[in-house]
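Just below is one structure, and these are the notes that go with it.
Whatever order the structure lists them in is the order used to number ligands and atoms, beginning at 1.
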Amino acid sequence: MTLKSSLTTEIISQAQSYDGIRAGIVPLKDVLKGYSYQVAPDDPGSQGQLDDGMIVDWPKEARTVLILGLNHPEKDPRLDWLERGDTWGNRRLREISELLKQWFRKEYGLDAQPLPYHVAKGGLFLKDAAVLSGIGIIGRNNLLLHPEWGARIRLRSILLQGDFQATKVLEGFSPCETCEGFCQKACPMNAFPQEKYRRPICRKQIIANVENKVPDGEIGENGKRNLVIKYCRACELSCPVGA
Ligand code: B12
């Protein structure tokens, strides 16, 4: 099936009509050839805290990925807190994905499949997909940097039925080249020895966050505030891009 390239513009504009959303489109086959698939094909250690359902089989006709990025500004830290099995930002991304799926069916009579967060549950490596679709670049903090929001962005993907023209890869945006590396210096665990991100070191910090839940959530059934996990964001929030 060949679809008109003008549909890419329509799909992106529909996705970006939601507040705080940026979107990109990339062929699924390109994402599956990305760096992360080459080094970690099965996403080791990504068991995950999130309650996403598992997608066992991707639809056969799904050949395109629509990537969504939701701004997580510092002034709204709750978006990043994990409460009752999900973060508030991810709940918003799930909701928007579902609305886009309905819109896609109504508008074009085609199927869309929102994917889970974790690769082990049928999701994709989201930073690779976001770079390839032109939403941003990978910074020295090992995170996706968006020109306007820096690393303060969270990702989600939707598989689309059929082929669509990809959005362009971002060019001329390389803020880390002239930066003194605030992100790496800010890491409380020194997870960037020799300026390279080391996952096992970073993971120790994340485990400490998981073990140190705090009662800052909504009022639960027991009349007390729910416990929430506040993940470390030091390498993200110290980045001057989008601060
Ligand atoms: C497992 C996981 C973790 C693990 C391991 C992280 C890791 N990087 O290995 C732990 C729990 C430690 C973790 C920590 C964090 N995570 Co995390 N994590 C994930 C998850 C589920 C998979 C990531 C993964 O395993 N990647 C594979 C490993 C091998 O690759 P990598 O280290 O990420 O590096 C690859 C890319 O940089 C890529 N790359 C580099 N240059 C280029 C260039 C091109 C052209 C391409 C295509 C690719 C590419 O190649 C590298 C591999 O060689 C993703 C969600 C998802 N489904 O993708 C979120 C995700 C990456 N995490 C995210 C965040 C925000 C964090 C934290 C800040 C904690 C927090 N507050 O949520 C920290 C930051 C850590 C860091 N500086 O990288 C966000 C990143 C958003 C962004 N702006 O980039 C994601 C996308 C989830 C989301 N909600 O949107 N995370």
(Q) According to salt bridge (Lys or Arg N to Asp or Glu O under 4.0 Å), does anything in residues 217-231 pair up with another residue at least two apart or in another chain? List the pairs. (A) Arg78-Glu218, Arg84-Glu218, Asp216-Lys230
Q | Numbered atoms and elements of ligand 1 in range of Cys232, under 4.0 angstrom, heavy atoms | A | 68 (C), 69 (C), 70 (C), 71 (N)
(Q) Under 4.0 Å from a heavy atom of Tyr231: which atoms of ligand 1 are those, numbered in the order shown and with their elements? (A) 70 (C), 71 (N)
Q) Counting heavy atoms only, which of Tyr35, Tyr117, Trp149 is nearest atom 39 (N) of ligand 1? A) Tyr35
Q. So with a 6.0 Å cut-off around CZ of Arg94, is the heavy-atom count from everything else above 12?
A. yes
For residues 169-183, which side-chain N or O atoms pair as donor and acceptor with protein atoms under 3.5 Å away, sequence neighbours left out?
unit_1: Glu180; atom_1: OE2; unit_2: Lys185; atom_2: NZ; d: 3.1

Q) Leu160 versus Ile11: any side-chain heavy-atom pair under 4.5 Å? A) yes
Q) Given that the side chain starts at C-beta and the backbone is N, CA, C, O, which of these parts of Ile153 lies under 4.0 Å from ligand 1, counting heavy atoms, or is it both or neither? A) both
Q. Is the shortest distance from a heavy atom of Gly123 to ligand 1 less than 4.0 Å?
A. no
Q: State the atoms of ligand 1, each with its element, that fall below the 4.0 Å cut-off from a heavy-atom position in Leu132.
A: 47 (C)
Q: Say whether Glu95 and Tyr18, considering side chains only, have a donor N or O and an acceptor N or O under 3.5 Å apart.
A: no
Q: Take atom CG of Asp19 as the centre, draw a 6.0 Å sphere, and report whether it contains more than 12 heavy atoms from other residues, nucleotides or ligands.
A: no
Q: Would you mind finding which of Val26, Ile137, Asn209, Leu143 brings a heavy atom closest to atom 63 (C) of ligand 1?
A: Leu143
Q. Considering only heavy atoms, does Tyr197 approach ligand 1 within less than 4.0 Å through its side chain, its backbone, both, or neither?
A. side chain
Q.
According to a hydrophobic-cluster definition based on side-chain heavy atoms being under 4.5 Å apart (Ile, Leu, Val, Met, Phe, Trp, Tyr only), do Phe125 and Ile55 belong together?
A. yes
Q) Which atoms of ligand 1 are found less than 4.0 Å from any heavy atom of Cys235? A) 77 (N)
(Q) Show the atoms of ligand 1 that are less than 4.0 angstrom away from any heavy atom in Asn141. (A) 76 (C), 77 (N), 78 (O)
Q) Any N/O of Glu236 closer than 3.5 Å to an N/O of ligand 1? A) no
Q: Spell out, yes or no, whether Trp88 and Tyr117 are grouped together once hydrophobic residues are joined by side-chain heavy atoms under 4.5 Å, including indirect joins.
A: no
Q: From atom 15 (C) of ligand 1, work out which of Thr87, Leu115, Ile206 has a heavy atom at the shortest distance.
A: Ile206
Q | Those atoms of ligand 1 less than 4.0 Å from some heavy atom in Phe125 | A | 24 (C), 25 (O), 26 (N), 27 (C), 58 (O)
Q. For ligand 1, which atoms have a heavy atom of Arg233 less than 4.0 angstrom away?
A. 71 (N)
Q | Separation between CG of Leu145 and NZ of Lys127, rounded to the nearest 0.5 Å | A | 10.0 Å
**Q.** Path from Leu28 to Leu132 over hydrophobic side-chain contacts below 4.5 Å
**A.** yes
**Q.** Side chain, backbone, both or neither: Val39 near ligand 1, heavy atoms under 4.0 Å
**A.** side chain
Q) Strictly under 4.0 Å, does any heavy atom of Gly34 approach an atom of ligand 1? A) no
Q. Taking only heavy atoms of Leu124, which atoms of ligand 1 are found under 4.0 Å from at least one of them?
A. 56 (C), 57 (N), 58 (O)
